[in-house]
Amino acid sequence: MGAPPRTRQGHLNLTTHKMKKRGLRVLVALVAIVDIALAAGLAYTVNRDMSTQRMQRDALAKRIGITAETEEALASELYAQAVGEAMKHVTMENEVRVKYGMAAINLSNAEAAEYAVMLRLVDMDSDQTLLETGALLPGYRLESMALGKALGKGRYQCLAELTFYTVEDGVLVGNAARQNLLIVE
């Protein structure tokens, strides 16, 4: 194997294979450079658009007087509306009577309700949970259930804590509470 053949002018004659290999490397390098330039341009455009949207949102909020406190108040109001609407569909006894360890709560969640509801009955003096239901879906009723703790005869001031969840995926919607009287006979 000798030296590569020379052309008439005395230059080395590169083989077609070597030229293709060099050309492929150059092409790959060019594609990489173009990809990097496109990615940088896209990142710049997205960032610029997000900045513009933030500035427009802030200007609009300033013009109509929305502050962080106003936004929080609005979210709180929407939360209260959702819980208030959910409460319209839930009924239960104001005085829960207990006989032989079974509490007659008569908790019902109307068929028209959008949310599932859970009840937790808490003794206001001891802060102990006396009973806790599972999720009650719309259209269902729970007439009675066993107390979670043995109690002596008497009257107990309780807090009925109602927690609402979406039916589809169990996401917390909100909480409400009301006073109830538990009467152990």
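Only a predicted model underlies this, so the values are computations on that prediction, with no experimental measurement involved.
- Between Ser144 and Met102 there is a side-chain heavy-atom pair separated by less than 4.5 Å.
- Both Met145 and Leu147 belong to a single network of hydrophobic side chains, linked directly or stepwise wherever heavy atoms of I, L, V, M, F, W or Y lie under 4.5 Å apart.
- A continuous path of Ile, Leu, Val, Met, Phe, Trp and Tyr side chains, each step under 4.5 Å between heavy atoms, connects Val167 with Leu136, placing both in one hydrophobic cluster.
- Under the 4.5 Å side-chain contact rule for hydrophobic residues, Leu137 and Val117 share a cluster.
- Counting heavy atoms from C-beta outward, Glu114 and His89 have side chains that stay 4.5 Å or more apart.
- Taken to the nearest 0.5 Å, the CG atom of Asn175 stands 10.0 Å off from the CZ atom of Arg120.
- Leu119 is not listed as a side-chain neighbour of Glu161, based on a closest heavy-atom distance of 4.5 Å or more.
- Under the 4.5 Å side-chain criterion, counting only non-hydrogen atoms from C-beta, Arg178 is in contact with Asn94.
- Residue Tyr156 is grouped with residue Val96 when hydrophobic side chains (ILVMFWY) are merged at heavy-atom distances under 4.5 angstrom, including chains of intermediate members.
- Counting non-hydrogen atoms of other residues, nucleotides and ligands closer than 6.0 Å to CD of Glu168 gives a total above 12.
- Separation of atoms CD (Gln157) and CG (Asp125) is listed at 8.0 Å; rounding is to 0.5 Å.
- Of the charged side-chain nitrogens involved, at least one lies within less than 4.0 Å of a carboxylate oxygen, so that Glu185 and Arg97 count as a salt-bridged pair.
- Going from atom CG of Leu182 over to atom CG of Leu131 covers 7.5 Å, rounded to the nearest 0.5 Å.
- One distance of note links OG1 of Thr133 with CE of Met118; it measures 5.5 Å at 0.5 Å rounding.
- With values rounded to the nearest 0.5 angstrom, Asn109 atom CG is found 9.5 Å from Leu162 atom CG.
- Ile183 and Arg155 make their closest contact through CD1-NH1, 3.9 Å (heavy atoms, listed as atom of the first residue, atom of the second, distance).
- Enclosure of atom OH in Tyr165 by more than 12 non-hydrogen atoms of other residues, nucleotides or ligands within 6.0 angstrom is indicated.
- Closest approach of Gly174 to Val83, counting heavy atoms only: CA-CG2, 3.7 Å.
- Rounded to the nearest 0.5 angstrom, Cys158 SG and Asn180 CG are separated by 7.0 Å.
- In the hydrophobic clustering of ILVMFWY residues, with side-chain heavy atoms under 4.5 Å counting as a link, Val98 and Leu151 come out together.
- Remark: side-chain polar atoms of Thr166 are paired, donor with acceptor, to backbone N or O of Val171 under 3.5 angstrom.
- Side chain to side chain, Glu93 and Asn106 meet the donor-acceptor criterion of an N or O pair below 3.5 Å.
- A 4.5 Å side-chain heavy-atom check between Thr163 and Leu172 finds at least one atom pair inside the cut-off.
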Steps toward side chain to side chain contact (heavy atoms under 4.5 Å, CB included) verdict (Asp127, Val122):
CA-CA 6 Å; Asp127 203 32; Val122 179; 3.7 Å; yes
